[in-house]
**Q** 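Here it is: the structure, laid out below.
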Amino acid sequence: MGDTLDTVLALNILADIYFKFVQAGAEITPDNLKEHLESLKAKADANDEIIGVDVNQ
Amino acid sequence: MKERSLFSLVLALLSVFFITGIIILAFNGCAQNQSAFQQIKSQTSDPELLSKAAYADALGAYVAAQEVYKPYIELAKATHPDLAEEIRVQFGEARKILNTWEKLGTIPSSDENNFREYIRDITLKVALMIEEQNKKEK
């Protein structure tokens, strides 16, 4: 039973991080969609660098 | 032995429910904070904008998965180097799909499914790694 509880706890931690990330999102309109995309892309690029993601592999 | 199998089944089912819910949330948002696609759809029917909004949601799910993994990169590299490599490669595959999506404005549904699968798999691997780490710290 301990295994199950540990996994539920781990998944809860991940769900919590996701919820925080999704809820932090701003209101999207046709006028700021481009800006929203650029901001996400910049975050993805920076994180890719930290993780060591190489799309050419 | 039977009890252990039952726990494994419960564990697998719980994992599937959690991860599916998280991915649905990341793609579609919740009542208080809808996805970019849902928000744009309520304001315009311009197909180009709708396509960009769908891409924005996928990119958002990708960044969310990165944010989940980021605090555990060093731990993964130190304790599970093979897993860290698998996750890095899967992020790369997911990013390739996103780059195609951005370039073409759309992707086949098979690629969309593959993308979801990569995000789901990465998240699950990180969850299991945290679980293992928690056990070791006890």
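Here is how names work: the chains are called A, B, and so on, in the same order as the sequence lines, proteins then strands, and each is numbered from 1.
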**Q** Is the closest side-chain heavy-atom distance between B:D46 and A:P30 below 4.5 Å?
**A**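 Of all side-chain heavy-atom pairs linking A:P30 with B:D46, none is under 4.5 Å.
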**Q** On a heavy-atom basis, which atom in B:L49 and which in A:L33 lie closest, and how many Å separate them?
**A**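 Shortest heavy-atom separation between B:L49 and A:L33 comes out as O-CD2, 3.6 Å.
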**Q** Any donor and acceptor pair, going by atom type alone, linking the side chain of B:Q39 with main-chain N or O of A:T29 inside 3.5 Å?
**A**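 Absent.
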**Q** Sort out for me which of B:K77, B:R95, B:Q90 touches chain A most, counting heavy-atom pairs under 4.5 Å.
**A**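 Going by pairs under 4.5 Å, I would pick B:R95.
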**Q** Rounded at 0.5 Å granularity, tell me how far OH in B:Y62 sits from NZ in A:K41.
**A**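 If I round to the nearest 0.5 Å, the distance is 12.0 Å.
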**Q** Any non-hydrogen side-chain atom of B:Y69 less than 4.5 Å from a side-chain atom of A:I50?
**A**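 Side chain of B:Y69 against side chain of A:I50, heavy atoms only: no contact under 4.5 Å found.
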**Q** May I ask you to say whether B:K96 pairs ionically with A:D54, meaning some side-chain N is under 4.0 Å from a carboxylate O?
**A**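 Not counted as a salt bridge, because no side-chain N and carboxylate O are separated by less than 4.0 Å.
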**Q** Within the supplied structure, the quantity of interest is the number of heavy atoms (other residues, nucleotides, ligands) at a distance under 6.0 Å from A:E35 CD; does it exceed 12?
**A**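 For A:E35, atom CD is not crowded (no more than 12 foreign heavy atoms under 6.0 Å).
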**Q** Kindly compute the distance separating CD (A:E38) from CG (B:L59), expressed to the nearest 0.5 Å.
**A**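 The CG atom of B:L59 is 11.5 Å from CD of A:E38, to the nearest 0.5 Å.
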**Q** Are B:L75 and B:I73 grouped together when hydrophobic residues (ILVMFWY) are joined by side-chain heavy atoms under 4.5 angstrom apart?
**A**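 B:L75 clusters together with B:I73.
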**Q** With a 4.0 Å cut-off, would you call B:E67 and A:K43 a salt bridge?
**A**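 No salt bridge links B:E67 with A:K43.
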**Q** Enter the distance from A:D31:CG to B:Q43:CD here, rounded to the nearest 0.5 Å.
**A**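 Here the interatomic distance stands at 8.5 Å.
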**Q** How close do A:G52 and B:R88 get, heavy atom to heavy atom, and via which atoms?
**A**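 Nearest heavy atoms, A:G52 then B:R88: O-NH1, 2.8 Å.
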**Q** Calculate, to the nearest 0.5 Å, the distance between atoms CD and CD1 belonging to B:Q66 and A:I51 respectively.
**A**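 CD1 of A:I51 is found 4.5 Å from CD of B:Q66.
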**Q** What residue, out of B:E132, B:M129, B:K70, has the most heavy-atom pairs lying under 4.5 Å from chain A?
**A**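 Result: the option with the highest number of such pairs is B:K70.
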**Q** Do other residues, nucleotides or ligands put more than 12 heavy atoms under 6.0 Å from the NZ atom of B:K125?
**A**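 Result for NZ/B:K125: enclosed.
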**Q** For the CD1 atom of A:I28 and the CZ atom of B:F37, what is their distance to the nearest 0.5 Å?
**A**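 So the CD1 of A:I28 and the CZ of B:F37 are separated by 14.0 Å.
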